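A short worksheet on the structure shown next.
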Amino acid sequence: MKYRTYKQLNLPEIDKEILEFWKKGKIFERSVSEKPEDNTFVFYEGPPSANGKPGIHHVMARTVKDLFCRFHSMQGKRVERKGGWDTHGLPIELSVEKELGITKEDIGTKITVYEYNQKCRETVMRYKDLWDDLTVKMGYWVDLDNPYITFENEYIESVWYLLKRLYDKDYLYKGYTIQPYSPAAGTGLSSHELNQPGTYQDVKDTSAVAQFKVVRDAKSEFLYEKVDKGEVFFIAWTTTPWTLPSNMALAVGKKIDYVLVKTYNPYTKLRVNLILAKDLLGKWFKADAAALDFEAYQAEDKLIPYQVIAEFKGNVLEMISYEQLLPYQKPEGEAFKVLIGDFVSTEDGTGIVHIAPSFGADDKRVGDKYGIDALMVMDEFDNPMPLVDKKGKFVEGMGEFSGRYVKNYKDNPDYRNIDVDISIKLKKENKAFNVAKYSHNYPHCWRTDKPILYYPLDSWFIRASKLKERMFELNKTINWKPASTGEGRFGKWLENLQDWNLSRSRFWGIPLPIWRTEDGEHEKCIGSVEELRLAIEEANKVLGLNQEVPKDLHKPYIDEVVLVAANGEAMKRESDLIDVWFDSGSMPYAQWHYPFENEEKFKANFPADFIAEGVDQTRGWFYSLHAIAVMAYDSVAYKNVVSNGLVLDKDGKKMSKRLGNAVDPFDTLAKYGSDATRWYMISNAPPWDNLKFDLNGLDEVRRKFFGTLYNTYSFFALYANIDGFDYKEADIPMEERPEIDRWIISLLNSLIQEVEKDYADYEATNATRKIQNFVDEHLSNWYVRLCRRRFWKGEYTQDKIAAYQTLYQCLVTVAKLMAPVAPFFSERLYKDLNNATQKENHDSVHLTLFPDADNKTIDKILEQRMDYAQRISSLVLSLRKKEKIRVRQPLQKIMLPVLDDAFMNQVDGIKDLVLAEVNVKNLEYIKDTGGLIKKRIKPNFKTLGRRLGKNMKAVAQKIAAFTQEDIAALEKNNSYTLQTNGESFELTLEDFEISSEDIPGWLVANDGNLTVALDTTITDELAAEGMAKELVNRIQNLRKTKDFEVTNKIDVTIQNHEAIQAAVAQFGDFVCNEVLAENLELSESLLGGDSIEIDGIELTIAIEKA
RNA sequence: CCUGAGGUAACACAAUCGGCAGUGUACCAUUCUGAUACGAUGGAGGUUGGUGGUUCGAGUCCACCCCUUAGGACCA
């Protein structure tokens, strides 16, 4: 069977062929099923949402996933890859609403929850086909037929099980947190919604600095001691004066310096004593007022005198009491104390922060720490609520402010600014130190464009903070790529972990499986459908109902289920849905419907060996997986994780539809092929660096790497087909193969070792770069180039067979090494090789095992030797170039200075290769005896620097000034006494780097420590041989233009000319042999034939098939 | 504002423990080829983002700043 040959390289065409082959042969399925079940490599697929179209960055992320799975599959592991779909969440709701032209408020009125959810269910898989198409085309092997889908009942049931498990461990609780809330829209907002463009707007608000009167007692006595007249106040600034009635505390910074200032209130003109941060004194008091006379101050004076009468650190203020500012409602428990808060700064305000736990997240947190609750009143159901209701207006019992909106939510033209009214009241009551307009950036609801409130909302939480030490500890056992993401971004996040807010007041998601009585006294968490069935039966019995387990566990059906408490009261479901991140973090369990099914399957597949996603998932999926595993099973969820960076456009800008710089993945794959795209992405930069995606780079990869490899194969196939090489001969033992074969095999095995290690370390970029370097630099441009003649010349000898075997082995091994990254081309290459030889019993490169490096063949000394050969050749070629002597002109000799015997022995081994490559007859070594070689000396900075310290510079200069005699003496004695700055140092050869630089009188070139001289004399005989080679070249060109077959024999007639007579006379046989000529004749009068030119001489040559 | 990553030739990237700043592409010139979508040779191209510090010696370590990018905070 012949090796398949091609007209040209067409990667997209190969993609199509191979896809068809994989599909027919079920290669993916077989790559899994043929591996032992007890030797697994576990991979988790992070579920994408099929609600949006895939982008080029998905190709990147999936290439990373795919390649390591393929690699481990080739390591003999069973690598199951279950796909999955993320189907819940806000983006889906939003796209549905946009499509239907509705808002959240319309749900339940214009559209039923049933219809809404139905629509979500349809929308969510909208682009599934597109995704599947991309998955297939890019060669991402994942099981698309049995994916897990987060909206399915089985999935939900597993999630419920996990929630119940956490509930039983007492990790679930209901509590208030301060969340962004839009009173105008009547809904809470997620941080995602808050980060929509345009939500933060500059607004002008009335800000107030309020005076909080210090209660005089033992704690505060030290303040009053300094005071001669008037009361002592803390002053605190706020841009939301409507929160002042809810003030419960003040916060100061522990280490911040505060001062007590004696002055007059600018509105009431009363003498007051104010406490504020020292650094902010200048913000509120004019410097030239400090000198003013207190006694002379008149109420109408512009400048108000002030004087600092005490100074102290914030920590002495802790727990001092003050009087409630606006006492409409009395708080329960502790209140009106000074607290220490780490968030307090002296950036703006007064360095004292007004704390209203009802309306600020920081406020709530510091309040909780000190046991100070939010100020609440009871609503008509006796449930606590803050002083502002959900519509954004003050509750009853707020005096003149009762029932008024805190912001103009209703676009009422008569709206009176409540911040202003509160400020006026404070001014009148000697409770305001300053009132001013203040312009700042404040978030607005992206739908109603009204300012949001930070509002306490009832939510269900997971006590994640309780386990943060454990999560931190287990995180250290995870291998992060890159490590900094794990230690830094993720580690820091775990260190400061807050409880997980599970609640979402939405419609399309997994319902929280908790039922409660109206008063919250009794509650029940459901952990399975069976449990729900029993609870329903019980409720039916007690309450006389006729309910069934809903067929769909989503809203609205689940909300209709009423359960019964132990005391016979009815329990209703808590109306919240759970955070979608909990959905995805549950996939290790829920994808198998564990623990209700597949117990064995789950146990064999937990935790994962490997996961990979974008770095943006650090606090998303990476966290939810980790948190759930730690909380529910005290285990990590994954052992290795690669977080890949972004794919940017070629200028480093983010890709977006808006900018129009997004690259279409389908176009790219269709044009450049999947492999070039994948190879480019992986080889260009480590996956965790952001990738500047440049189509020119793709082109380069295609030309440079795939082009070269393709050509190498084509070369092999061309001649192997001619010679009928199909590897039926036994392997020729290594020691019987020529040096160059052993060299490339040695390099190949070194490559196997390194590439395997790189893949195992998740360093695919290094692996691809090494493979590429091997193929371009060594295999194609050295091995094949030097061995060309072995393939096309002469009989089918041992040497020829060795060459075929060697090249074959290189190609088939490269196919395997590159298979994880370039699955299509490697498959084509492997099959084209193996189909012809049937050497291996595998249908696909992806069913083979990763090659084992044969250590016996690795010969580092040989590798170095060949490196010399490459460099010496390069030097000789550069000398030829300089003298404008073309390579076809043979030259007599090369001279090579040798400084030690080891070097000479090395070069001796590759002498013939070099001579053939550069077309020179002899290589002569020049030993350093006659002083023929001029040497160059340099200090060895590494050894000398350590010893000489600051004398290094001076010594380096001295050494640079060494004469040839100095160097010779040093080499002879192996020691040198160096005097500098009165100090003396004994130096040995170790401390220097000596290299040959020149051979005076010869043409010389250098590369590092290599020096080569070339004899450029051209004798008559050399000239004749050169001319013969020119003739060969011209005749070969003619053969090519006349489309002769490589094997055709020819007759040649050349117009006689004195310039070629010597060449034909002496080297006629050589010429005939080279061009496969049976006859070569000189003719005085040649008719027809082609005109050629050699060194300006026009000749006519006629060739015809013999 | 905080945290992480990054900033090296036109572009993409290297540079081990601090020890002579490199490779590839592109460009210019010369040239080669019976595997070539190659190859060879030479050339040009650098204040390693900036400023300071430590050191005999800094792309590398330290400090501050600027820019890109991601994440978080955005409060009084």
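All values derive from a computational prediction rather than experimental measurement. Per chain, numbering begins at 1; letters A, B, ... match sequence-line order.
- Closest to the side chain of Lys704(A), out of U41(B), U25(B), C75(B), is U25(B).
- Of all non-hydrogen atoms in Ser643(A) and Phe622(A), the two that sit nearest each other are CB-CE1, 3.7 Å.
- Checked against a 6.0 Å centroid threshold, the rings of Phe234(A) and Phe212(A) do not count as neighbours.
- What separates CG of Leu453(A) from C1' of C74(B) is a distance of 16 Å, to the nearest Å.
- The phosphate of C75(B) (OP1 or OP2) has a side-chain N or O of Tyr454(A) nearer than 4.0 angstrom.
- Between G53(B) and A10(B), the two C1' atoms lie 34 Å apart (nearest whole Å).
- Place Asn711(A) and Gln870(A) on RNA chain B by their nearest nucleotides, and Asn711(A) ends up nearer the 5' end.
- The partner of G22(B), taking Watson-Crick or G-U wobble pairs whose two distances both stay under 3.5 Å, is C13(B).
- Ring geometry, Tyr804(A) versus Phe725(A): the interplanar angle falls under 30°, so the pair is classed parallel (tilted spans 30 to 60°).
- To the nearest 0.5 Å, the span separating CG on Leu807(A) from CZ on Phe791(A) amounts to 4.5 Å.
- Heavy atoms of Asp363(A) sit nowhere under 4.0 angstrom from any nucleic acid atom.
- Because its glycosidic torsion is within 90° of 0, C17(B) is reported here as syn.
- Phosphate contact (OP1/OP2 of A35(B), side-chain N/O of Tyr719(A), threshold under 4.0 Å): present.
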Please test Asn766(A) against Lys757(A) for side-chain hydrogen bond (donor to acceptor under 3.5 Å, both in side chains), starting from the C-alpha separation and ending with a verdict.
-> CA-CA 10 Å; Asn766(A) 288 341; Lys757(A) 186 172 183 306; over 6 Å; no
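- U60(B) and G42(B) are spaced 32 Å apart, taking the C1' atom of each and rounding to whole Å.
- If you check every strand for non-hydrogen atoms under 4.0 Å, Ala685(A) touches sugar and phosphate atoms only.
- Close to C13(B), at under 4.0 Å from its OP1 or OP2, lies a side-chain N or O of Asn684(A).
- Considering only side-chain N and O atoms, Arg703(A) lies under 4.0 angstrom from the phosphate OP1 or OP2 of A26(B).
- The side chain of Ser780(A) places no N or O atom within less than 4.0 Å of a non-bridging phosphate oxygen (OP1 or OP2) of A35(B).
- A63(B) is paired with U51(B) under the criterion used here, namely a Watson-Crick or G-U wobble arrangement in which both key atom distances are under 3.5 Å.
- G7(B) sits 10 Å from U48(B) when the C1' atoms are compared, rounded to a whole Å.
- One P atom belongs to U55(B), the other to A70(B), and the distance between them is 40 Å to the nearest Å.
- As a whole-Å value, the separation of Leu811(A) CG from A35(B) C1' is 12 Å.
- Of all nucleotides present, only U41(B) satisfies the Watson-Crick or G-U wobble test against A29(B), with each distance under 3.5 Å.
- Going from the C1' atom of C17(B) to that of G59(B) covers 15 Å, rounded to whole Å.
- What separates OH of Tyr6(A) from P of U36(B) is a distance of 18 Å, to the nearest Å.
- Looking at the side chain of Phe715(A), the nearest of the listed nucleotides U41(B), A35(B), G24(B) is A35(B).
- In plain terms, the two heavy atoms of Thr768(A) and Thr765(A) that are nearest each other are OG1-O, 2.8 Å.
- Computed from coordinates, the Arg702(A) CZ to G24(B) C1' distance equals 18 Å when rounded to whole Å.
- Within 4.0 Å of Leu879(A), counting heavy atoms only, lies no atom of the nucleic acid at all.
- Atom CZ of Arg769(A) and atom P of A12(B) are 13 Å apart (whole Å).
- Going from the P atom of A21(B) to that of A37(B) covers 40 Å, rounded to whole Å.
- Atom CG in Asn766(A) sits roughly 12 Å away from atom C1' in C13(B) (whole-Å rounding).
- What separates CG of Leu779(A) from P of U36(B) is a distance of 16 Å, to the nearest Å.
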